[in-house]
Student: 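Quick one: this structure, given as structure tokens, is what I'll be asking you about.
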Amino acid sequence: PNVSFFCNSNETLKLAENFFNNNKLTYVPMGVTECRDFNPKRVDANQFFFLGRIAKRKGVSWFTSQILPNFPDKKLLIAGPISDKIEFEKILKSSQVEYVGTPSETEIIKLHQNSFLTIFPNLVDDLNIDFEGFGISFIESLANGGLPIASIHQGLNSASLSGQIGVCLSDNKSTNWINAINTLENKGLQHRKKLITQGQNLIKDNFLWEKIFDSTMACLLYT
């Protein structure tokens, strides 16, 4: 049939190529409406933030057991729906963790901007069909004025432009995460501001809804 299929991550595109003709597939990323201004002077250098489903694949319990204890002065605020109660209980065993429920959009923006890092310690589970798609939360955190740090597995590779946006690690080796956080601390808040500004510029070039719409329409008109 003369049908086109649209995929919102390169990971999904790879899967679709196993079933559909390549010339019927189009990659259309997710996007944001705008990038927000932020005030680096309001950052709490001892606060990390996580927003997303509380599930094993998201890697928060891994972070609280392997990374957070190396930064005893820091706290981790987590927000989002609890889809795995066992995972949630593991996370709350850390005295450095506080669950803040499901905040409003205004509160989420503030948490992104005021936290030193927004974490995305995604894990890969080959036995689980649930995988990271485009990673829109990664883009949103930076568009809101926060700084994401992530293991760029699966769809996060698309969202980060292959590691150009945010602080990107290729794996979940504890030493790599600890070294990356220490390096950010040593370089200071001005360096952090520079990374956010650079990332927001890339988002404006690649992930604004208006530009995505225009490029998608152009692709459809000339194919």
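Atoms considered below: every heavy atom in the structure, side chains included; atoms not considered: hydrogens, waters and symmetry mates.
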Student: Decide whether Leu123 and Ile152 are clustered together by the hydrophobic rule: side chain heavy atoms of Ile, Leu, Val, Met, Phe, Trp, Tyr closer than 4.5 Å, transitively.
Tutor: yes
Student: Nearest heavy-atom pair of Thr64 and Ser94: which atoms, and what distance?
Tutor: CB-CB, 4.3 Å
Student: Where the side chain of Asn157 meets the backbone of His153, is there a donor-acceptor pair that is under 3.5 Å apart?
Tutor: no
Student: Following the transitive rule for hydrophobic clusters with a side-chain heavy-atom cut-off under 4.5 Å over Ile, Leu, Val, Met, Phe, Trp and Tyr, establish whether Val43 and Ile109 coincide in one cluster.
Tutor: no
Student: Using a 6.0 Å cut-off, check whether atom CG of Asp37 has over 12 heavy atoms from anything other than its own residue.
Tutor: no
Student: Considering all heavy atoms of both residues, which atom of Pro103 and which atom of Ala79 are nearest to each other, and what is their separation?
Tutor: CD-CB, 3.5 Å
Student: Counting C-beta onward and ignoring hydrogens, is there a side-chain heavy-atom pair between Asn182 and Phe71 closer than 4.5 Å?
Tutor: yes
Student: For Ile165 versus Phe207, what's the shortest heavy-atom pair and its separation?
Tutor: CD1-CE1, 4.0 Å
Student: Find out whether Phe63 and Asn172 are in side-chain contact, i.e. whether some heavy atom of one side chain is under 4.5 Å from a heavy atom of the other.
Tutor: no
Student: Rounded to the nearest 0.5 Å, what separation is found between the OG atom of Ser151 and the CG atom of Asn176?
Tutor: 9.0 Å
Student: Hey, is the main chain of Leu195 close enough, under 3.5 Å, to the side chain of Gln198 for a donor-acceptor pair?
Tutor: no
Student: I'd like to know if the side chain of Glu107 reaches the main chain of Ser104, judged simply by a donor and an acceptor atom lying under 3.5 Å from each other, with no hydrogens or angles considered.
Tutor: yes
Student: Run Lys75 and Asn46 through side chain to side chain contact (heavy atoms under 4.5 Å, CB included) and show every step you take.
Tutor: CA-CA 6 Å; Lys75 59 184 176 181; Asn46 287 323; 5.8 Å; no
Student: Quick check: closest heavy atoms across Ala180 and Val167, and the distance to 0.1 Å?
Tutor: CB-CG1, 4.4 Å
Student: Name the one of Leu68, Ile78, Val97 that satisfies side chain to side chain contact (heavy atoms under 4.5 Å, CB included) with Phe48?
Tutor: Leu68
Student: Between CD of Gln200 and CD1 of Ile139, what distance do you get to the nearest 0.5 Å?
Tutor: 11.0 Å
Student: Give a yes or no on whether a salt bridge exists between Glu185 and Arg192, defined as a side-chain N under 4.0 angstrom from a carboxylate O.
Tutor: no
Student: Can you check whether Asp84 reaches Arg53 side chain to side chain, under 4.5 Å on heavy atoms?
Tutor: no
Student: Could you give the distance from CZ (Arg42) to CG (Leu189), rounded to the nearest 0.5 Å?
Tutor: 14.0 Å
Student: At what distance, to the nearest 0.5 angstrom, does CG of Asp171 lie from CG of Leu169?
Tutor: 7.0 Å
Student: Look at the side-chain heavy atoms of Ile, Leu, Val, Met, Phe, Trp and Tyr, link any pair under 4.5 Å apart, and say whether Leu77 and Ile108 land in one connected group.
Tutor: yes
Student: For the pair Gln113 (side chain) and Asn144 (backbone), establish whether a donor and an acceptor sit closer than 3.5 Å, ignoring hydrogens and angles.
Tutor: yes
Student: Within the 4.5 Å heavy-atom criterion, are Ile181 and Leu117 side-chain neighbours or not?
Tutor: yes
Student: Can you check whether Phe88 and Tyr99 have ring centres sitting under 6.0 Å from each other?
Tutor: yes
Student: Main chain of Leu76, side chain of Gln47: is a donor-acceptor contact present, judged purely on distance under 3.5 Å?
Tutor: no
Student: May I ask you to test the Ser174-Ile67 pair for a side-chain heavy-atom distance under 4.5 Å?
Tutor: yes
Student: What's the verdict on side chain to side chain contact (heavy atoms under 4.5 Å, CB included) for Asp44 and Phe116, showing C-alpha distance, side-chain angles and the deciding distance?
Tutor: CA-CA 6 Å; Asp44 183 344; Phe116 184 65; over 6 Å; no
Student: Under 4.0 Å between a side-chain nitrogen and a carboxylate oxygen: does that hold for Glu87 and Lys93?
Tutor: no
Student: Same cluster for Phe49 and Ile54 if Ile/Leu/Val/Met/Phe/Trp/Tyr side chains link at under 4.5 Å?
Tutor: no
Student: Evaluate the side-chain proximity of Cys35 to Lys204: yes if any heavy-atom separation is below 4.5 Å, no if none is.
Tutor: yes
Student: Tell me the closest heavy-atom pair linking Thr118 and His112, and the distance in Å.
Tutor: OG1-CD2, 3.2 Å
Student: Check the hydrophobic clustering (I, L, V, M, F, W, Y; side-chain heavy atoms under 4.5 Å; chains of links allowed) and say if Ile149 and Ile91 are grouped together.
Tutor: yes
Student: Using the benzene-type ring in the case of Trp, are the ring centres of Phe120 and Phe50 under 6.0 Å apart?
Tutor: no
Student: Between CG of Leu147 and CD1 of Ile119, what distance do you get to the nearest 0.5 Å?
Tutor: 12.5 Å
Student: Between Arg36 and Glu34 (salt bridge meaning N to carboxylate O under 4.0 Å), is one present in this structure?
Tutor: yes
Student: Within a strict 4.5 Å, meaning less than it, do heavy atoms of the Phe38 and Lys193 side chains meet?
Tutor: yes
Student: Is there a side-chain contact between Val32 and Glu140 in this structure, where contact means two heavy atoms from C-beta onward sitting under 4.5 Å apart?
Tutor: yes
Student: Between Pro69 and Ser65, what is the shortest heavy-atom contact and its length?
Tutor: CG-O, 3.6 Å
Student: Within this structure, what is the CG-CG distance for the pair Asn201 and Leu142, rounded to the nearest 0.5 Å?
Tutor: 10.0 Å
